[in-house]
Trainee: 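Let me begin by handing over the structure; questions about it come next.
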Amino acid sequence: MPMVPETTDPLLLPNDPEACLLADANGAILACNQTAQRWLEDAGLSSPEALLPANQRALVQACQSQDRTISGVESRVGERAISWTLIPRTQPQGVVIRGRDASSTLSELAEATRSNRLYRLIIENTTDLISRHAPDGHFVDASPASWRLLGYWPEELRGKGLDEVLVPETMEKQLEQARTSLRDSGYATLTLQLRHRDGRLRWFEIASRAIRETYTGAVIEVISVSRDITARVDSEENNRRLAQVVEANTDLVLFASRHGEISYMNPAARRALGIGNASPLPPVSAIFEGDEFERLLSIGLPQADQQGVWETETRLRALSQDNTLPVSLVLLSHQAAQGTTYYSLVARDMTERELRESEQRRHQEELAHTARLATLGELASGIAHEMNQPLATIVNYANASKRYLGQLDENPDAITRVQDGLQRITQHADHAAEVIKRLRAFLRKGKKRSACVALNDTIDSAVRLCQWEAAKHHINIELTLADSNPTLTADPVLLQQVLINLIRNAIDANRERHQDAPSRITLTTRCSGCNEVRIEVEDQGPGLDDEGLRQMFTPFFTRKSEGLGLGLSMSRSIVESFGGYLDAERSPAGGLRLICRFPPKGALGAANATHNP
C-alpha cells in the first residue's frame, strides 16, 4: 500500500469521484482522498507525487504567489490521462490539487483533431469541388479546387449566387427539381453546365446533401460535391455521333471478335447481306467464301494486329440469295477497355465499279475493234497486194496446167508438169487462206482472251501486214529478235494491234523526215534482268521535244493532220492490261524509240488474273 499521510481535512470527501490532494506551501503532498489512493493502486505506484505533472512544485508556487487557480494541467499515469486543477488556500497555507479522469475526453479530442486534419487534407487536395451553400444557393464556402475547375478562389466564390456560374439554359428546371429532392429526401444529384471564369463551358455532375435544423427540420445549408465530367460528356457525345454515322453509313460496317463472332452489323450490311433486323447475326465465316475466309485469317488478322489495318478486295456472300458482292474491305484492329482485341470490318460495295469497269472494257474492246477496222482500211493496198500475188500465181499455174493437159498425147512428160503446177497452186492457195485467217483473227470481235504468245511469231505477223506500206515508201523494217523466242501471257490479237500501231507510227515518222528516200525502222526483242521482256521499235523520224514526249500518250494528242491521236493512248492501255508498260525516249539518231516492257511470265499471269477474274 502507498504511504499517504492520514488527515481529517474536510476537503477530502470520502466518495469524491475526483482525486483530491493537499499540498503545503513547498509543494509537498500532505494527504489525498480515496480516489487518488485507488489510482495509485491501479498504476502500482507508492507516492502521490507520481500522479502529478513533473513540474508540480513549480505549479504550486505559481498558484500561491499569483493567488490564482491553475487548471487544465495534464499528466499521464499508465493508460489514464488526468486533468489537474490547482486551487490556492490560506488556512492552512498551501494548495488543493483536484484531478479528474480525462482519458475519454482527451481521446475524443485527439480523434477529433486527427479527423479535422484528415478532413482539411481531403478538402484541400481533392480534385472535386466541395462547396457549402445557403438554402437559396449562394456560396458559403468552397474548397481550393474551385480555382482549377471554375477559375475562382474560394474567397471569391463566397456570397456569389448560382446564376453567376451556371448556364441559364440548363439551370431553372433542374434547380427546382434539386430543391424539391433536398427538401423531401435530403439528397439531390444533377448534371449541369457551369461557366468557367474565362468563358468556357464545363459539364459537372453535382451531388448535394441537405443540412437540417435540429428541431424544425428546415434546410439551413447544402453541402455539394461537384465533379468535372466534361471529358466524359464529350466522349459520350462523340460516341453518339459516331454511332449515328455508322448507322446511316452506306458502307457495310461489322464488329467481330477474334473468334469470328459478329456482335454488330449496321443496316447497310444487313440489307446487302440479306439479314433481317430480327435475324440473329451469323459468324464471319458465313459471309466469306472458304478460301477468302482462310486468307482473312492467315494474312488479314496478323497484319491488322501488327499494323492496325489491312486492306484488300474480296467478295462477300449474301445469305438470303445465291450471289456474291464485290467489296473493297478494310479490317481494323482495336483494343477494348478490358484489354481484349476486337475487329471492325468496313466494306464498300464495288458492284457499281465492277459494272462500270465491265462497261469500260466493253467500250475499249469496241474502240479497239474499230481501230482495227480503220487500220485494215489504211493497210488495204498492202493486203490487196498480199492477196493478189498468190491469186495471180494460182491463175498462171492453172493456165499452164491446162496447156500441159492438152499436150499429153504428144508429150508424156507433161503430166509431171501438171502435177507440179497443182502442187504450187495448193501452196499459194494455202498462203492466201493463211492471209485471210490472219485478217479474220485481227478483225475478231469479242472478249479479251489471254494465252501464251510466242513473241517472235506475233511480231512476224504484224510486220507482214505492214510490209507493203513500208516497201511502198522505201522503208526497210529490220528485225533483231531474241534467239530464245520469249513468250508472253497476253491476248495475241490485241498484242498484234499494239505492234501494228507502233510500226505504222514509225512509218509515218520516217515519211515525215525522209519523204520517200530510203530509211530504216528497227524492231528489237530482248530479255533483260529477271527475265523482263522488252520490245523496242526505233524510227528515223524527226523525234519530239520534251513537251511532245510528255503528251504523246494523251488521248487525242497528234501531230498528224488526219490523225485522231488514239493509237498510242490505246496501245498503252492494252499493254498495261497485260501487266506491262509502254514508254518512249529519244533515240541517238534523233528519232523515237518506243519501248514495251513486260514482267516475267509468272508475274504477268498473276497480273492478268487480277484484271480478268
Trainee: So do the side chains of P267 and R271 get within less than 4.5 Å of each other, counting heavy atoms only?
Mentor: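 The answer is yes, as the side chains (C-beta and beyond) meet within the 4.5 Å cut-off.
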Trainee: Please check if the side chain of T554 supplies one atom and the backbone of Q551 the other of a donor-acceptor pair under 3.5 Å.
Mentor: yes
Trainee: Is a donor on one side and an acceptor on the other found under 3.5 Å between the side chain of N505 and the backbone of N501?
Mentor: no
Trainee: Assess whether atom CG of D483 is packed by more than 12 heavy atoms of other residues, nucleotides or ligands within 6.0 Å.
Mentor: no
Trainee: Can you confirm whether the side chains of S519 and H474 place a donor and an acceptor under 3.5 Å from each other?
Mentor: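 Per modelled atom types, S519 and H474 side chains form no pair under 3.5 Å.
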Trainee: Counting only heavy atoms from other residues, nucleotides and ligands, does the tally under 6.0 Å from CZ of R227 exceed 12?
Mentor: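 12 or below, so no.
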Trainee: Going by distance alone, is a donor N or O of one side chain under 3.5 Å from an acceptor N or O of the other, for D128 and T126?
Mentor: no
Trainee: Which distance, rounded to the nearest 0.5 Å, do you find between the CG of N485 and the OG1 of T458?
Mentor: 8.5 Å
Trainee: Between N239 and S235, is there a donor-acceptor pair closer than 3.5 Å when you use the side chain of the first and the backbone of the second?
Mentor: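 Checking the backbone N and O of S235 against the side chain of N239, a donor-acceptor pair under 3.5 Å is found.
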Trainee: With the side chain counted from C-beta on, respond yes when S257 and S263 share a heavy-atom pair under 4.5 Å apart, and no when they do not.
Mentor: no
Trainee: Going by heavy atoms in the side chains, are R148 and T127 under 4.5 Å from each other?
Mentor: yes
Trainee: Of all heavy-atom pairs between H196 and G151, which one has the smallest distance, and what is that distance?
Mentor: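 Smallest interatomic distance, heavy atoms only, reads NE2-N, 3.4 Å.
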Trainee: Does a side-chain heavy-atom distance below 4.5 Å link M552 with L594?
Mentor: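 Yes, close enough: below the 4.5 Å cut-off.
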Trainee: State the CG-CG distance between L544 and L549, to the nearest 0.5 angstrom.
Mentor: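 The distance works out to 5.5 Å.
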Trainee: For D305, is there an ion pair with R258 - N to carboxylate O distance below 4.0 angstrom?
Mentor: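 Counted as a salt bridge, because a side-chain N and a carboxylate O are separated by less than 4.0 Å.
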Trainee: So, R315 versus T324: side-chain donor-acceptor pair below 3.5 Å or not?
Mentor: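 The answer is yes; a qualifying pair exists.
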Trainee: Charged N to carboxylate O below 4.0 Å: is that the case for D546 and R586?
Mentor: yes
Trainee: Pairing donors with acceptors under 3.5 angstrom, does anything connect the side chains of S328 and E313?
Mentor: no
Trainee: Can you find a heavy atom in the side chain of L129 that is under 4.5 Å from one in the side chain of S224?
Mentor: no
Trainee: With side chain to side chain contact (heavy atoms under 4.5 Å, CB included) as the test, would you mind laying out the steps for L331 and Y343 before giving the verdict?
Mentor: CA-CA 7 Å; L331 175 67; Y343 301 90; 3.9 Å; yes
Trainee: Which atom names give the shortest non-hydrogen contact between C596 and V575, and what distance separates them?
Mentor: SG-CG2, 4.2 Å
Trainee: Can you check whether L149's main-chain N or O pairs, donor with acceptor, with D228's side chain at less than 3.5 Å?
Mentor: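 No, because the side chain of D228 does not come within donor-acceptor range (under 3.5 Å) of the backbone of L149.
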Trainee: Is there a side-chain contact between V533 and T487 (heavy atoms, below 4.5 Å)?
Mentor: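 Counting from C-beta outward, V533 and T487 never come under 4.5 Å.
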Trainee: For the backbone of I521 and the side chain of D539, can you confirm whether one donor and one acceptor N or O come within less than 3.5 Å of each other?
Mentor: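 Not confirmed, D539 side chain does not pair with I521 backbone.
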Trainee: What heavy-atom pair brings I275 and P280 nearest, and what distance separates the two atoms?
Mentor: CG2-O, 4.2 Å
Trainee: Nearest 0.5 Å please: distance from the CD atom of E536 over to the OG atom of S587.
Mentor: 11.0 Å
Trainee: Counting heavy atoms not belonging to R513, are there more than 12 under 6.0 Å from its CZ?
Mentor: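 More than 12 within 6.0 Å, yes.
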Trainee: Counting distance only, does the side-chain N/O of R317 pair as donor-acceptor with the main-chain N or O of I287 below 3.5 Å?
Mentor: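 No; zero donor-acceptor contacts below 3.5 Å.
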Trainee: Is a side-chain N or O of T489 found less than 3.5 angstrom from the main chain of C452, in a donor-acceptor match?
Mentor: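 Checking the backbone N and O of C452 against the side chain of T489, no donor-acceptor pair under 3.5 Å is found.
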Trainee: Using the side-chain hydrogen bond (donor to acceptor under 3.5 Å, both in side chains) criterion, which residues pair with E311? Sequence neighbours excluded.
Mentor: none
Trainee: Start with the C-alpha distance between R593 and D583, add both sets of side-chain angles, then the distance that settles salt bridge (charged side-chain N to carboxylate O under 4.0 Å, His left out), and finish with yes or no.
Mentor: CA-CA 9 Å; R593 181 185 292 130; D583 203 357; over 6 Å; no
Trainee: Quick one: which residue pairs count as a ring-ring contact (aromatic ring centres under 6.0 Å, His included) with a foot in residues 279-317, not counting sequence neighbours?
Mentor: none
Trainee: Go through it in stages, so that I can follow the logic: the residues are E237 and R241, the test is salt bridge (charged side-chain N to carboxylate O under 4.0 Å, His left out), and I'd like the CA-CA distance, side-chain angles, deciding distance and then a yes or no.
Mentor: CA-CA 6 Å; E237 180 64 17; R241 291 173 182 169; 3.2 Å; yes
Trainee: On a heavy-atom basis, which atom in L150 and which in R195 lie closest, and how many Å separate them?
Mentor: CD2-O, 4.4 Å
Trainee: Do the side chains of W203 and L194 get nearer than 4.5 Å, heavy atoms only?
Mentor: no
Trainee: Whether the side chain of R597 engages the backbone of Y581 through a donor-acceptor N/O pair (distance < 3.5 Å, no angle test) should be reported.
Mentor: no
Trainee: Taking H514 for the side chain and Q540 for the main chain, is one N or O donor matched with an acceptor at less than 3.5 Å?
Mentor: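 It does hold such a pair.
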Trainee: Specify the closest pair of heavy atoms between L297 and P302, including all atoms of both residues, with the distance to one decimal.
Mentor: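 In terms of heavy atoms, the two residues are closest at O-CD, 3.3 Å.
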Trainee: Considering residues at least two apart in sequence or located in another chain, which fulfil the salt bridge (charged side-chain N to carboxylate O under 4.0 Å, His left out) criterion with E261?
Mentor: none
Trainee: At what distance, to the nearest 0.5 angstrom, does CD1 of I477 lie from OG1 of T522?
Mentor: 10.0 Å
Trainee: Can you tell whether the side chains of R504 and D508 come within less than 4.0 Å, N to carboxylate O?
Mentor: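 Salt bridge flag = no for D508 with R504.
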Trainee: Under a 3.5 Å cutoff, is there a donor and acceptor pairing between the side chains of T312 and R295?
Mentor: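 Yes - a donor-acceptor pair under 3.5 Å links their side chains.
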Trainee: Hey, could you give me the CG/CG distance between L201 and L192, rounded to the nearest 0.5 Å?
Mentor: 12.0 Å
Trainee: Find the distance between CD1 (I507) and CD1 (I475) and round it off to the nearest 0.5 Å.
Mentor: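 Taking CD1 in I507 and CD1 in I475, the distance rounds to 5.5 Å.
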Trainee: Quick check on side-chain contact (heavy atoms from CB on, under 4.5 Å): which of I535, L592, I595, L568 does L502 satisfy it with?
Mentor: L568
Trainee: Do T341 and Q335 have side chains that approach each other closer than 4.5 Å (heavy atoms only, starting at C-beta)?
Mentor: yes
Trainee: Apply side chain to side chain contact (heavy atoms under 4.5 Å, CB included) to V330 and L345, showing your working.
Mentor: CA-CA 6 Å; V330 177; L345 294 87; over 6 Å; no
Trainee: Kindly say whether V253 contributes a backbone atom to a donor-acceptor pair with the side chain of N266 at under 3.5 angstrom?
Mentor: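 Here the side-chain-to-backbone pair exists.
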Trainee: Please report the C-alpha distance between E478 and L523 in whole Å, then the side-chain angles of each, then the deciding distance to 0.1 Å, and finally whether the side chain to side chain contact (heavy atoms under 4.5 Å, CB included) criterion is met.
Mentor: CA-CA 6 Å; E478 295 183 359; L523 201 156; over 6 Å; no
Trainee: Determine, stepwise, if the pair L481 / I459 fulfils side chain to side chain contact (heavy atoms under 4.5 Å, CB included).
Mentor: CA-CA 9 Å; L481 305 181; I459 289 175; 4.1 Å; yes
Trainee: Thinking salt bridges, do E538 and R520 make one under a 4.0 Å N-O criterion?
Mentor: no
Trainee: Specify the closest pair of heavy atoms between M265 and P282, including all atoms of both residues, with the distance to one decimal.
Mentor: CE-CD, 4.3 Å
